[in-house]
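Atoms considered below: every heavy atom in the structure, side chains included; atoms not considered: hydrogens, waters and symmetry mates. Predicted, not measured: the structure shown is a model, and the values here were computed from it. Proteins come first, then strands; the chains are lettered A, B, ... in the order of their sequence lines, and each starts at number 1.
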Amino acid sequence: MVKAEIKQLQEIKTSVIGYSSILITGCGGCVSVCLAGGQKEVENLVTKLRLSCKADTAPKNIGGMTVERQCEAQFLSQLDQEVPKYEALISMACGAGVQYLAERFPDKPVFPAVNTAFIGINKDLGWYEERCQACGDCVLGITGGICPVTMCAKGLLNGPCGGPQNGSCEVSKDIPCAWVTIYDRLKAQGRLNNILDIFAVREWQNQTQGSIVLDAYKSRYTGEKK
Amino acid sequence: MKSESNLEKVLTDSTFAVTGELGPPRGTSAGVISEKAHYLKEKVDAVNITDNQTAVVRMSSLAASALLIREGLEPNYQMVCRDRNRIAMQSDILGAYALGIRNILCLSGDHQQFGDHPKSKKVFDIDSIQLIGMVKKMRDEGVFLSGEEIAEPPRMFIGAAANPFGDPLEFRVHRLAKKIAAGADFIQTQCIYNMDRFREWIKQAHDMGLTEKAYILAGVTPMKSVGMARYMKNNVPGMDVPESIITRLKGVDKKQQASEGIAICCEQIEEFKEMPGVAGVHVMAIEWEKRVPEITEKAGLLPRPEPS
Amino acid sequence: MNDSQQKKAEAEKTRAVLNHNQAKIKLCLEACASCSICAESCFLFNNNNHDPRFMPSYKVINSLGVLYKKKGRVGTEQLKRMQDLVWRNCVLCTRCYCPLGIDIPDLIALARSLLRTRGVCGVYPHTLGAPEEEYIMEWDPQELSDPDEDPDTQR
C-alpha cells in the first residue's frame, strides 16, 4: 500500500495561520493502515491543534472528519455537507487524496498534513519499507522477485556496480546490496542465467502522468470502438 | 582499427600500455590542467579525465579533455550515468568526437550521497553496461539509440571499469563478460592491492577467453602514507587493502612511506608485465601527478611509443 | 468535556448523520429483495466458504439497518460486531452488484461514517494488541506552543 508519514506539527500549524476555521479530513484507506492519516490520527491532530492554537492568528474552529477514501469521488461526497462550514482544509490523505479533495472543493485552500513516502510493505508495527516505484514495466520475474529499480541506490539493471562490500550497498553498511541479494536468490533457485545476459535499455513508462483505461471500458471513455 | 585512438594503436601493437589519470579542477582554471598534464606528458599513452568523481562538482570532463588535447596529450574521456540521460550522453559523445576525443570510459558513477550535493536527483536513465552498448551502436551501426542515423558517427575506442574485489566475488568475472559482450574494447580495473585475489580473477577471465576479446589494464594507486592506506581500506567502497600493505608501510620511517608506497606500486607493475591477460597498467596517482614520471621510470615503462 | 457530555455529543452527531440520510436508508432497506445475487459478486464471500457474514446485504442490514432502526442507540458489544462487519468483512472494493440498483458500497460507507461518530473505526492486523500510545504519534511538547508569529508566513 501507499505509505505516508505525518508532518511536524509546527509545519502544519504554520500552514493554516490566518484561517479562522479549518476542517481536518482523514482517509480510511492506506494512510489509516500506516497510522498516518486515519480517524485516530485525525482525532489526535484535532486535539493537538486545539491545544496549541490559542494565539490570535490560529484557527478558532477546528473540526475533524474521516471518509473512507479520499481517492474516490463517491467517498469524498461524504464531506459535501461539512466542507462549506470551514475556511480551509487539512488533508491527511496521500498526495493523490489531497489532490482529489482539492479538485472537489476548488474554492477551499487545502493543506497536506502528511508526507507521502512510497509504495511499501508493513515490516512490523510502525515499520514500513519501500518495495515499488511504480515504474510501469515490472522486471521482478527476471530479478528473483527483488526490485532493482527500488532497492538499488542507482536503480541499475545490470548490477551490481563496483561498490558493494560484505553484501552491503556502497551508500550504507545497513542497506543490503540489491544485486547481491538478487544474485544470491537466483543462484539458490538455479536461475543465474537470468542475469548473465545484458539487460537492454528500458523504455521508461512513468515519464508522463499515468493513466489506465481498461480495454473493456475504452469505448466508454474515449469513444473508440472495441 | 576501430578508432584513431593512440591507446588503441599501442594496445594492438602488443605494447604494454600505460594510462594515467587527471582530476579536473574545482574551478575554472585551465592552468591547473596544463600543470598536471606537464607531469604526464610522454610518460603515459592516454590520460583518464574523471567525471565529477565521488559526485563532487568539478570542471566537466568533456571540457577538461578538450583542454588536455591542446596540451598534446590523449584523453580518455570518462562519462558516468549518474548525471545525464541518454539524450545528453549521446549529444556529449558527438561533441567529444568533434573536439578530437577518441577514447571514452563508461561508468555507473559514485552515488551522489558521497558528494557535495548529497540530496541531488540522480539520473541513471541507463546503466554503465547499456552505455557501452550505446557507444558501440553509435560507432559500429552509425545510429543513435533510437535507430536514427548519425551523420559521420563518432569512432570511439570504448573502455569500461571492472572491480575484481566487489561483491559477489563469484559474479565479478561474469559482469566483466557482460561489459565485453556489450562492446568494451578495453577495461581498466579498480586499484589493486590484493594481488592474490587479482591473480585469481585475471586467471578466471583468461580461462573464459575474455582477455582475448578486450585489453585489460591493471589499476594501481601508489600509497602516500599509512594513513592513506587505512583510509582506503575502511572508507572507499569496493576497495580491498590487505593488512600486509599497511604493515609494510608502518615498517618504514614516516618520511620514507611515500617512497615505500611507490616501491610497492612498481613491484606490482613488474608482476603485471609478466601476467598472462594483462595488457597494460592504469596509474591513478590521485592528486600526485608529479610522481608519475618517477613511477613510470622506476617501473621500466619508459620511453612510451611516439603517438603518430 | 466530561464522559456524559461526550456521549451526548456523540449521540447527537450519530443522529444528525442518520437524519440527513433517512430517506435513502429507508428506501434501500425496503427495496432489498433478499435475492442474494450481491453475494456472488463479493470476492470476500467467495473466498470465505460462502460464509453469510460476508454477504453484502447481510453486512448492510446488520450494521446500518440496526443503527437506523434503533436510532443509533446501540451498545458497545453491538458496535464491536458492526465494526467487524463493515471493516474486517468488507474492504470497500465497490465491486458488489445489486440487480435492484441499491448502491451497497455507499451504504457500507454510511455505516462506517455512523460508527466513526461513536469513535469506532477500522483496526489493522499489525496494530492488533498493541497499546494505542505505542502507535499514536506524540509530538514534542515544545511544538504545542504557539507558532512563531513570523509576518512572512501570515496571509
Side-chain angles (χ1 to χ4, degrees), chain A residues 115 133 135-137 139 142-144 146-188 190-207, chain B residues 54-55 80-82 85-86 89 107-114 118 122-134 137 145-146 160-183 188-191 219 233-240:
Chain A
N115 292 319
Q133 291 194 348
C135 75
D137 187 8
V139 300
I142 297 164
T143 57
I146 296 158
C147 176
V149 178
T150 308
M151 204 174 150
C152 171
K154 300 176 185 173
L156 303 183
L157 294 167
N158 290 289
C161 67
Q165 260 178 338
N166 303 318
S168 294
C169 173
E170 70 173 33
V171 305
S172 162
K173 284 194 182 85
D174 302 325
I175 302 170
C177 167
W179 277 97
V180 171
T181 318
I182 290 169
Y183 174 84
D184 289 343
R185 187 172 294 170
L186 289 176
K187 192 178 174 192
R191 297 165 68 207
L192 267 185
N193 275 343
N194 281 11
I195 54 170
L196 293 181
D197 290 334
I198 294 166
F199 205 117
V201 170
R202 286 183 77 183
E203 302 299 320
W204 295 105
Q205 300 300 311
N206 55 351
Q207 303 300 298
Chain B
T54 63
V80 301
C81 301
R82 179 191 59 233
N85 69 5
R86 59 189 84 176
M89 284 174 151
L107 304 163
S108 304
D110 296 313
H111 195 274
Q112 67 274 18
Q113 185 173 304
F114 299 111
K122 66 188 176 189
V123 180
F124 294 111
D125 176 22
I126 62 178
D127 64 27
S128 59
I129 290 176
Q130 294 166 342
L131 173 58
I132 295 164
M134 185 171 85
K137 186 173 183 152
L145 198 56
S146 60
N163 181 3
F165 312 106
D167 278 342
L169 281 179
E170 320 81 86
F171 192 64
R172 284 290 140 192
V173 78
H174 293 288
R175 191 151 190 271
L176 171 70
K178 280 175 87 164
K179 290 195 171 183
I180 294 170
Q188 291 172 318
T189 77
Q190 172 75 281
C191 317
K233 182 180 172 71
N234 300 323
N235 300 314
V236 181
M239 198 68 71
D240 182 349

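- Of the atoms belonging to N163(B), it is side-chain heavy atoms, and not backbone ones, that fall under 4.5 Å from chain A.
- In this structure, the side chain of D127(B) does not engage the main chain of L156(A) through any donor-acceptor pair within 3.5 Å.
- In this view, L192(A) and Y183(A), L186(A), K187(A), I195(A) satisfy the side chain to side chain contact (heavy atoms under 4.5 Å, CB included) rule, not counting sequence neighbours.
- Annotation: maximal heavy-atom pairing with chain B below 4.5 Å, among V180(A), V171(A), L157(A), D197(A), occurs at V171(A).
- Contact of F114(B) with chain A is made through the side chain alone, with heavy-atom distances under 4.5 Å.
- Panel note: side chain E170(A), backbone H111(B); a donor-acceptor pair is recorded below 3.5 Å.
- When G155(A), A200(A), C169(A), C177(A) are compared by the number of non-hydrogen pairs under 4.5 Å with chain B, A200(A) comes out ahead.
- A pairwise comparison of heavy atoms in V201(A) and R86(B) identifies CG1-NH1, 3.4 Å as the closest pair.
- Residue D184(A) does not touch chain B at all, counting heavy-atom pairs closer than 4.5 Å.
- In this structure, the portions of K178(B) lying under 4.5 Å from any heavy atom of chain A include both its backbone and its side chain.
- Distance CH2/W204(A) to CD1/I126(B): 11.0 Å, rounded to 0.5 Å.
- Here R172(B) is the residue among R172(B), M134(B), Q112(B) with the most heavy-atom pairs under 4.5 Å with chain A.
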Check: residues 159-166 of chain A side-chain donor-acceptor pairs under 3.5 Å, at least two apart:
residue: Q165(A); atom: NE2; partner: M239(B); partner atom: O; Å: 2.6

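- With hydrogens and angles ignored, the 3.5 Å screen pairs a side-chain donor or acceptor of R175(B) with a backbone N or O of N158(A).
- In terms of heavy-atom proximity, Q130(B) sits nearest to R202(A) at NE2-N, 4.5 Å.
- Between chain A and the residues D125(B), L131(B), V123(B), D240(B), the largest count of heavy-atom pairs under 4.5 Å involves D125(B).
- Contact of L145(B) with chain A is made through the side chain alone, with heavy-atom distances under 4.5 Å.
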